[in-house]
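Taking it in order: structure first as structure tokens, then the write-up.
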Amino acid sequence: MKQSLLVGLLLSLALPLCAQKKNLSYSFYGQVRGDLYLDSRSSQEIVDGLFFLYPKDHAYDADGNDLNASPSGSFYLLYSRLGLDVKGPQIGTAKSSLKLEVDFRGSSTNWAVLRIRHAYANLDWGKSAVLIGQTWHPLFGEVSPQMLNLSTGAPFQPFNRSPQVRYRYQHKGWQLTAAALWQLQYLSTGPNGKSEEYIKNSCVPEFYFGVDRKGDGWQVGAGVDVLSIVPRKQNVVEGKIFKVSERVTGVSGELHAKYQDKDWFIAVKTLYATNLAHTCMLGGYGVTAIDSRTGEQDYAPFHHATAWLNVVYGKKWKPGLFVGYLKNLGANTPLVGGSYGVGLEVDQLFTTNWQLSYNLPHWKLGVEYAPSFAWFGTIDEADGGRVRSNHHVTNHRAVATMIYLF
């Protein structure tokens, strides 16, 4: 009821506004989406299980029972959404446009409230375009899996929408992308948990540079991402406050390819990921040195290698397969203290995803089965933070989705 009232309010406000503006054309779009899921094991997840990452390690009670070896499941409509596309007046030689899209995901534990997904303005000169606002992180890019699971391939595939300034140049099948990005909803980790403060204290945005080559139905490309954050600006030792100068910088690289025609969709991506926890991937950093007087720390980022393949076929009936693999490569530097991140105790992760959807105009019904295998161990600080896996756990995930698009 609350969702329908909010949608009605947005429409009532937006329609008169658009109708009064000259040189504007607009279109509404959206979806009502319901997701029913069931996991055989407790898992590391976002949004109370809707956004699955990997199964949790063993956690034993006093009788030796595994507390995480229990199923869970639920049904949500939080990812129903409403969007507005606007084509604006010509500004010089540039075509102007904007997008505003919201859903009911909320933030943290405040669910079923409006959340901005996309909010940006774009100026397009034909070959060149500048986008200012929030949209998909370039590491998510134009090559991403087609699947029902809301994780869309994470943690093998980056998943993130960020405030950014992006420049794009296209000419004769070549596409160059450069972007400066900040954080708002998807955050890095550190001494105070997930927080925006680390990139704010850095005063340096995240940078991405990419190149793509496009042809008739195919696309290949590569990109480099640089993230530099400041974990702390001060530290307390024996009741004394000391100003500290700390920074951790990571460089990530990715390769991707895609082919698509009227029946086939085939995509692949591989990443050398460095401290990309803010993109719903596994990652973080560890302490490599500590000043004995002030407690100032040096850090080294963890590195992960990931790869995925996605194949989907058909129009009305669409079977599909997704396969993802991740390997923890450690920090490549001996650690002397704690570490901050997501899933640093995971050595390897393998997931396969089988899906089948039935597609009609404005309708999609689908089911998905995804077994996920995670190998766990202890972080060997002396050996550069590498994980020595000694056991693994398995989760079986089933998803049923109904989507009405308009």
Side-chain angles (χ1 to χ4, degrees), residues 3-4 7 27-40 43 45-53 71-83 85 101-105 111-112 117-118 136 140-157 159 161 217-219 257-269 280 308-324 350-372 395-406:
Q3 293 179 354
S4 61
V7 171
S27 60
F28 286 97
Y29 66 92
Q31 68 178 33
V32 175
R33 173 174 179 143
D35 292 277
L36 173 67
Y37 76 93
L38 177 66
D39 287 317
S40 66
S43 301
E45 42 76 22
I46 305 171
V47 202
D48 197 29
L50 266 181
F51 195 109
F52 173 86
L53 293 176
S72 64
S74 193
F75 176 70
Y76 292 102
L77 289 95
L78 298 176
Y79 282 86
S80 300
R81 67 189 62 152
L82 177 66
D85 283 323
E101 181 179 300
V102 298
D103 64 15
F104 299 89
R105 157 67 176 86
W111 302 337
R117 286 173 51 88
H118 301 276
W136 287 113
F140 182 89
E142 298 176 350
V143 178
S144 59
Q146 291 186 2
M147 53 198 304
L148 298 176
N149 200 312
L150 283 164
S151 64
T152 320
F156 314 99
Q157 153 80 359
F159 187 101
R161 290 179 295 271
W218 58 269
Q219 177 179 353
K258 177 177 71 173
Y259 173 78
Q260 187 171 12
D261 61 20
K262 60 186 180 69
D263 291 314
W264 287 96
F265 174 86
I266 304 172
V268 61
K269 182 180 287 187
C280 298
W308 59 261
L309 168 69
N310 184 215
V311 180
V312 181
Y313 175 78
K315 295 179 181 177
K316 180 176 289 187
W317 287 98
K318 297 179 68 172
L321 170 67
F322 173 88
V323 178
F350 175 77
T351 295
T352 176
N353 183 300
W354 303 84
Q355 62 173 301
L356 177 65
S357 64
Y358 180 65
N359 298 266
L360 294 172
H362 305 291
W363 278 96
K364 173 180 281 191
L365 301 172
V367 292
E368 205 169 65
Y369 168 63
S372 183
N395 178 69
H396 298 273
R397 181 175 178 86
V399 175
T401 299
M402 178 279 295
I403 306 175
Y404 180 82
L405 303 116
F406 61 91

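Note that the structure is predicted; figures quoted are calculated from it, not measured.
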Side chain of [X], backbone of [Y]: donor and acceptor closer than 3.5 Å?
X      : Y      : value
Lys269 : Phe156 : no
Ser40  : His396 : yes
Gln157 : Phe140 : yes
Asp261 : Trp264 : yes
Ser80  : Arg33  : yes
Glu101 : His118 : no

Working to the nearest 0.5 Å, report the span between [atom1] of [X] and [atom2] of [Y].
X      : Y      : atom1 : atom2 : answer
Lys315 : Lys262 : NZ    : NZ    : 4.5 Å
Phe322 : Thr352 : CZ    : OG1   : 9.0 Å
Thr351 : Phe52  : OG1   : CZ    : 6.0 Å
Phe51  : Ser43  : CZ    : OG    : 13.0 Å
Leu365 : Leu360 : CG    : CG    : 7.5 Å
Asp263 : Lys318 : CG    : NZ    : 10.0 Å

Considering non-hydrogen atoms only, spot the tightest contact between [X] and [Y] and give its length.
X      : Y      : value
Gly153 : Pro145 : CA-CG, 4.1 Å
Leu53  : Cys280 : CD2-O, 3.6 Å
Asp103 : Leu78  : CB-O, 4.1 Å
Thr152 : Met147 : C-SD, 3.6 Å

Side chains of [X] and [Y], heavy atoms from C-beta outward: is any pair under 4.5 Å?
X      : Y      : answer
Pro371 : Asn395 : no
Val367 : Gln355 : no
Leu148 : Glu368 : yes
Tyr79  : Arg105 : yes
Val323 : Trp308 : no
Gln260 : Val312 : no

Is it true that the side chains of [X] and [Y] contain a donor and an acceptor less than 3.5 Å apart?
X      : Y      : result
Asp35  : Tyr37  : no
Tyr259 : Gln219 : no
Gln146 : Asn310 : no

Practice item. Sort and list the pairs that fulfil salt bridge (Lys or Arg N to Asp or Glu O under 4.0 Å) and have at least one residue in residues 395-406, not counting sequence neighbours. Key: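 Of all non-adjacent pairs touching residues 395-406, those that pass salt bridge (Lys or Arg N to Asp or Glu O under 4.0 Å) are Asp39-Arg397.
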Practice item. Establish, yes or no, whether a centroid distance under 6.0 Å links the rings of Trp354 and Tyr369. Key: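 For Trp354 and Tyr369, the ring centres are not under 6.0 Å apart.
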**Study point:** Partner of Trp363 under ring-ring contact (aromatic ring centres under 6.0 Å, His included), chosen from Phe406, Tyr358, Tyr404
**Key:**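 With Trp363 as partner, Phe406, Tyr358, Tyr404 yield a single ring-ring contact (aromatic ring centres under 6.0 Å, His included), made by Tyr404.
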Check your understanding: Going through the checks in order, is the ring-ring contact (aromatic ring centres under 6.0 Å, His included) test met by Phe159 and Trp136?
Key -> CA-CA 8 Å; Phe159 187 101; Trp136 287 113; 5.1 Å; yes
